[in-house]
Number of protein chains: 2
Amino acid sequence: MAAPAPNEAETGTLHEQIVSKLRAVLLNGELADGARIPEAQLCLRFGISRTPLREALKVLAAEGFIELRPNRGSIVAPIDPVEVGHLFEMKGALEQMIGRLAAVRATPEDAERIERAHAALGRPADPAAYTALNQDFHRALAVATHNPVLLQSYDNLQKRVLRLRFVVNENPQRVLESFGEHEGIMVAFRARARLDLAERLEEHNRLTGEAVMRTLKGESA
Amino acid sequence: MAAPAPNEAETGTLHEQIVSKLRAVLLNGELADGARIPEAQLCLRFGISRTPLREALKVLAAEGFIELRPNRGSIVAPIDPVEVGHLFEMKGALEQMIGRLAAVRATPEDAERIERAHAALGRPADPAAYTALNQDFHRALAVATHNPVLLQSYDNLQKRVLRLRFVVNENPQRVLESFGEHEGIMVAFRARARLDLAERLEEHNRLTGEAVMRTLKGESA
DNA sequence: CGGGTCATTTTTGAATGCAAAATCTCGTCC
DNA sequence: GGACGAGATTTTGCATTCAAAAATGACCCG
């Protein structure tokens, strides 16, 4: 109940709602990686016909969550370790930018949201909750840049990374390390030290990415 | 005939082709900023029915080229100076990343493409061609990062910026300055000086953005 | 019993149809 | 002359339908 943050609200056009719901289905891991998308079933479930559902599928495909195979239906985009590396690399660039901008632009309200998200993360409940709270925290920093173009791109990357949690279970050792890094990030943020914050965020992202990549490689081997 | 580079090829699924063609219509300035999208007309022109066209519209809306107004049709996304600032800011982060990565990862073939694109830009033909050649040049650098996630995001930003050329005619003074900056970029690239290249690309982008913003403000005033 | 072929069923992609909403038209009144 | 509003017209959004492609599986033959 604490963290409804990264989910889109029930608002907006019907089309947007369908896109959100469909994305949620993918992010909840209801459909295995590489699984066929059950169009008919989802239509039933959402109470709509195929036309609007397929519109949503095309959007999600453009966002990288789904793969469209001509005449052979859509599948949940399979996780490709090479692509995961690229995702984290790209996210690194955004994290740096977030650090530089958030330090300068965060309003008192932003700062409060960030502090709260960090505090919530400080008392880790179950591992499943950790991932969500962690994303809330980082997203709060992204919001503080007040750049919606950046935020949209960041959200997309975060969600694509979020899918990985079903194939690489969170590494407890890495989670512990994260807490220390988060503290450092907060120190830099509170001091509004832009370059320091940027560097810490970038490094935190890099370390997380490396841990994920190691696990990915380990599990495939 | 020289520069077919940034346009998607005639390949891919039918859906992708429709998206490309539609994007081309928008980028060619056939439809004024804020104009209603003539669904029926485009269906005729592309020889398709409304269903696949509307799928493409949703994708372009998600990419930021179109605005969907419930029950009131889609319009060409109006140019908002604030958003333009955000676009350039975001692009700045990517340019930096491109500099750092391209310097290290460019293959000899990449280098050759970059040199050619730069040479083509060196002998400026008409102003319309300049914008396209300029984008080719910068895109060649982005390609040299060998990161498709980055490239896709970069392409999207470039295209959104490209639309501006119909509202802010290229400033000759600024174009001249660009040549110098491009030379500097090439020097850094040939030396594979990652930080120098990153900084030059970032600055070049910033200066371009500032020039565009000045023109935008001037014209609205 | 395994492999391969052809008919059947299912699924996909796109055109068409239909109800609801918005827009336009034109006559009326102030 | 211009503002208003009822009715016709167009446009939108979605459901439905239809042809073509792929998946299934029944059958045959070696």
Side-chain angles (χ1 to χ4, degrees), chain A residues 8-26 28-78, chain B residues 8-26 28-78:
Chain A
E8 292 95 316
E10 311 254 317
T11 66
T13 64
L14 181 53
H15 167 69
E16 283 167 42
Q17 287 182 38
I18 297 173
V19 171
S20 293
K21 284 201 257 182
L22 200 42
R23 202 171 9 225
V25 168
L26 297 174
N28 287 342
E30 291 182 44
L31 267 43
D33 198 274
R36 253 278 244 315
I37 310 257
E39 267 189 29
Q41 210 166 301
L42 291 170
C43 287
L44 257 310
R45 173 162 163 189
F46 296 157
I48 56 173
S49 75
R50 286 205 305 135
T51 308
L53 184 85
R54 299 182 96 254
E55 287 172 356
L57 287 176
K58 309 278 178 179
V59 171
L60 290 212
E63 288 178 355
F65 293 101
I66 281 179
E67 213 168 277
L68 301 168
R69 302 169 310 166
N71 289 322
R72 315 199 44 258
S74 324
I75 58 174
V76 180
Chain B
E8 292 96 317
E10 311 254 315
T11 66
T13 64
L14 180 52
H15 167 67
E16 284 167 43
Q17 287 181 36
I18 297 173
V19 171
S20 292
K21 283 200 259 183
L22 199 43
R23 205 178 357 234
V25 168
L26 297 175
N28 288 342
E30 290 182 43
L31 268 44
D33 200 273
R36 252 286 239 316
I37 309 253
E39 267 189 28
Q41 210 166 303
L42 291 170
C43 287
L44 256 311
R45 173 161 162 189
F46 296 156
I48 57 174
S49 74
R50 285 204 304 135
T51 306
L53 184 85
R54 299 182 97 253
E55 286 172 355
L57 287 176
K58 309 277 174 171
V59 171
L60 290 215
E63 289 178 354
F65 293 101
I66 282 179
E67 212 167 279
L68 300 166
R69 302 170 311 166
N71 289 322
R72 315 197 45 258
S74 324
I75 58 174
V76 180

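Lettering of chains follows the sequences in order, A, B, ..., and the numbering in each one begins at 1.
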Phosphate OP1/OP2 of dA22(C): any Arg36(B) side-chain N/O under 4.0 Å: no

Separation of atom NZ in Lys58(B) from atom P in dT12(D), rounded to whole Å: 11 Å

Atom pair CD1/CG of Ile66(A) and Leu60(A) - distance to nearest 0.5 Å: 4.5 Å

Leu14(A) CG to dA21(C) P, straight-line distance once rounded to whole Å: 13 Å

Distance in Å, Leu68(A) CG paired with Glu16(B) CD, rounded so as to fall on 0.5 Å steps: 7.5 Å

Rounded distance (Å) that lies between atom P of dA21(D) and atom CZ of Arg69(A): 17 Å

Arg50(B) side-chain N/O to dT16(C) phosphate OP1/OP2 under 4.0 Å: no

Nearest-angstrom distance from the residue atom CG of Asn71(A) to C1' of dA14(C): 11 Å

Side-chain donor/acceptor contact of Thr51(A) with base of dA15(D) under 3.5 Å: yes

Of Gly73(B) and Ser49(A), the one whose closest DNA chain D nucleotide lies more 5': Gly73(B)

Shortest side-chain distance from Pro52(A), nucleotide among dG13(D), dA22(C), dA15(D): dA15(D)

Side-chain ion pair, Glu30(B) and Arg45(B), N-O less than 4.0 Å: yes

Length of the CD-P vector between Glu39(B) and dA22(C), whole Å: 16 Å

Length of the CD-P vector between Gln41(A) and dT11(C), whole Å: 10 Å

Donor-acceptor pair (no angle test) under 3.5 Å: Arg54(A) side chain, dG13(C) base: no

Atom-pair distance (CD on Glu55(B); P on dG13(C)), nearest Å: 9 Å

